[in-house]
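Taking it in order: structure first as structure tokens, then the write-up.
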Amino acid sequence: MALHVPKAPGFAQMLKEGAKHYSGLEEAVYRNIQACKELAQTTRTAYGPNGMNKMVINHLEKLFVTNDAATILRELEVIEGYEKACKKALEILPDLVCCSAKNLRDVDEVASLLHTSVMSKQYGNESFLSKLIAQACVSILPDSGHFNVDNIRVCKIVGAGVSASSVLHGMVFKKETEGDVTSVKDAKIAVYSCPFDGMITETKGTVLIKNAEELMNFSKGEENLMDLQVKAIADSGANVVVTGGKVADMALHYANKYNLMIVRLNSKWDLRRLCKTVGATALPRLTPPTLEEMGHCNSVYLSEVGDTQVVVFKHEKEDGAISTILIRGSTDNLMDDIERAVDDGVNTFKVLTRDKRLVPGGGATEIELAKQITSYGETCPGLDQYAIKKFAEAFEAIPRALAENSGVKANEVISKLYAVHQEGNKNVGFDIEAEAAAVKDMLEAGILDTYLGKYWGIKLATNAAVTVLRVDQIIMAKPAGGPKPPSGKKDWDEDQND
């Protein structure tokens, strides 16, 4: 019998074997602060158009090469003075608004407002991509103004270059049609969530066939039933059938006979999206659809983009429920990065539909906040002023990161920005295109950030910092799962030359 060694009395007795426990200022708070500093350092060098890419390998051993801070944080998996300083910063922020969006249905104006967010991911392609994103967003902006980012789809096809990307009003699927019909105009679409096949009985049955004639009649009855089902769908007026399951050979034969175009979508998500786009109802059985259940769009056709077959459900009218941005590029990594730029641009547009106010970018807003909060800190009595001044100093991280990532002396840039802002030029920020430490007016240059983006950025960052400072105990559970499998030779099935 093995000797049982009792655990030390206290908190450790309540934890499972292998769990770790940290508490107090030294062990918990300082560890958290250090972790936050390292996390900030990881994402800091990725900031701005000249930011460096990071190579991240997540828990599934999937490789990401990106400078998108959200992707890095997602894949890496992470008091009173600060709260007063945050409150003051949010009071100052409305005074720093330099302009507002006038017309969110003007593609050119929207494209100019999306430049900044797209430029940080795709420097050099920002004009083309901003116009593309603006076209997609404006085309589906409802009269109510409630914009849904899920209504902008992205389809990535390898080949050509970024400049070959385009916008389609409707949906694009990397699929081939199942039958002979590859193009339909004025499409009336029947959508089924079930397989395009004959009905199968719920219970098993035995059929006793005595001769060849009975066998022929049995097969013919099955064929006639399928014929009637497909004919009923065609007679309802439908000329395109979209199914969420497999397509039987016999059903495909009769679909070709009645000139029905068959498209198979394996994803239920895609099926729901398509129903929303064309205004259809997904039917669970192969019954002829009513006029209300059928969807409509201008055309459905099979096309070839590069060497990839795609099915396009196209809306000619500008108020299509969904728009698709067709991204072209030489590699998957490049297209993934463009997709992230598109995602940033689309979310920036959504923010603008909620609040049209804009503040200067390029570190101009941050330096002005740092200047004013430092002045505010000097008027505060007691120990709070030290926390408030440190809070103000933290704002310098943005222009400092932009300068360092551009290969310019950060201290020189910071001092120039402070000097210009002391003169009352609130809109002046760091000029990343200059070879030396230079500043310029961000409003004139069109480098603008959304007011809401800054507002929530300050608020959430402060909440995160305050939360970390309030944690004084850490409990780390023992990792789940058994022993790791042995790492054998990966090339065991390849021929070896002795």
Side-chain angles (χ1 to χ4, degrees), residues 20 22-48 51 54 56 58-59 64 66-93 96 117 120 340 343-344 347-348 350-351 354-355 359 361 363 365-370 372-374 376-377 380 383-402 404-405 449-477:
K20 296 177 184 176
Y22 304 96
S23 64
L25 188 70
E26 294 288 338
E27 287 189 333
V29 179
Y30 289 172
R31 284 170 70 94
N32 281 341
I33 292 171
Q34 187 59 34
C36 287
K37 281 184 175 180
E38 288 176 10
L39 193 59
Q41 194 62 40
T42 301
T43 56
R44 180 174 171 176
T45 53
Y47 191 75
K54 304 288 181 189
V56 182
N58 69 1
H59 62 292
F64 294 83
T66 178
N67 67 348
D68 181 25
T71 302
I72 294 168
L73 294 179
R74 185 170 61 249
E75 300 303 336
L76 285 177
E77 295 183 18
V78 169
I79 299 197
E80 188 176 335
Y82 267 30
E83 287 171 344
K84 282 174 71 176
C86 177
K87 187 179 177 183
K88 185 65 178 177
L90 299 180
E91 286 174 11
I92 296 167
L93 199 58
L96 306 186
S117 61
S120 64
R340 292 180 196 112
D343 186 52
D344 284 0
N347 280 285
T348 300
K350 180 176 175 64
V351 169
R354 292 185 174 184
D355 193 327
V359 293
T365 302
E366 285 76 13
I367 285 292
E368 186 62 29
L369 283 169
Q372 294 199 32
I373 292 169
T374 301
Y376 167 70
C380 295
L383 294 173
D384 280 356
Q385 66 173 286
Y386 297 107
I388 292 169
K389 284 183 177 180
K390 277 293 176 186
F391 185 94
E393 192 181 313
F395 280 108
E396 293 178 7
I398 299 296
R400 191 178 291 278
L402 285 171
E404 288 172 355
N405 295 343
D449 289 330
T450 57
Y451 170 81
L452 277 185
K454 293 288 185 194
Y455 178 91
W456 285 107
I458 294 167
K459 195 166 187 175
L460 295 174
T462 306
N463 287 348
V466 168
T467 302
V468 166
L469 292 171
R470 282 179 174 155
V471 171
D472 67 346
Q473 202 168 63
I474 302 170
I475 300 168
M476 295 172 67

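Note that these values count all heavy atoms, side chains included, but never hydrogens, waters or copies made by symmetry.
With sequence neighbours left out, A394 forms a side-chain contact (heavy atoms from CB on, under 4.5 Å) with no residue at all. Partners of K389 under the side-chain contact (heavy atoms from CB on, under 4.5 Å) rule, at least two apart in sequence or in another chain, are E378, Q385.
Interatomic distance, I373 CD1 to F395 CZ, rounded to the nearest 0.5 Å: 4.5 Å. Rounded to the nearest 0.5 angstrom, E396 CD and I367 CD1 are separated by 5.5 Å. Distance check: Q372 CD to I92 CD1 gives 4.5 Å after rounding to the nearest 0.5 Å. If you take CG on L452 and NZ on K350, they are separated by 11.0 Å, rounding to the nearest 0.5 Å. Annotation: the span from C86 atom SG to N463 atom CG amounts to 6.5 Å, rounded to 0.5 Å.
Across every non-hydrogen atom of S117 and S120, the tightest pair is O-OG, 3.0 Å. For the residue pair L369 and A89, the shortest heavy atom distance occurs at CD2-O, 3.7 Å. The minimum heavy-atom distance between G363 and L402, with the atom names listed, is N-CD1, 4.1 Å. In plain terms, the two heavy atoms of V359 and T450 that are nearest each other are CG2-O, 4.2 Å. In terms of heavy-atom proximity, G453 sits nearest to V351 at N-CG1, 4.5 Å. The minimum heavy-atom distance linking G81 with I388 is given by the pair O-CG1, 3.5 Å.
Between the side chain of T462 and the backbone N or O of I458 there is at least one donor-acceptor pair closer than 3.5 Å.
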How far apart are the C-alpha atoms of T365 and D449, what are their side-chain angles, what is the distance that settles it, and do they pass the side chain to side chain contact (heavy atoms under 4.5 Å, CB included) test? CA-CA 9 Å; T365 302; D449 289 330; 5.8 Å; no
Working note: Y376 + K84, criterion side chain to side chain contact (heavy atoms under 4.5 Å, CB included); need CA distance, chi angles, decisive distance, verdict. CA-CA 10 Å; Y376 167 70; K84 282 174 71 176; 3.8 Å; yes
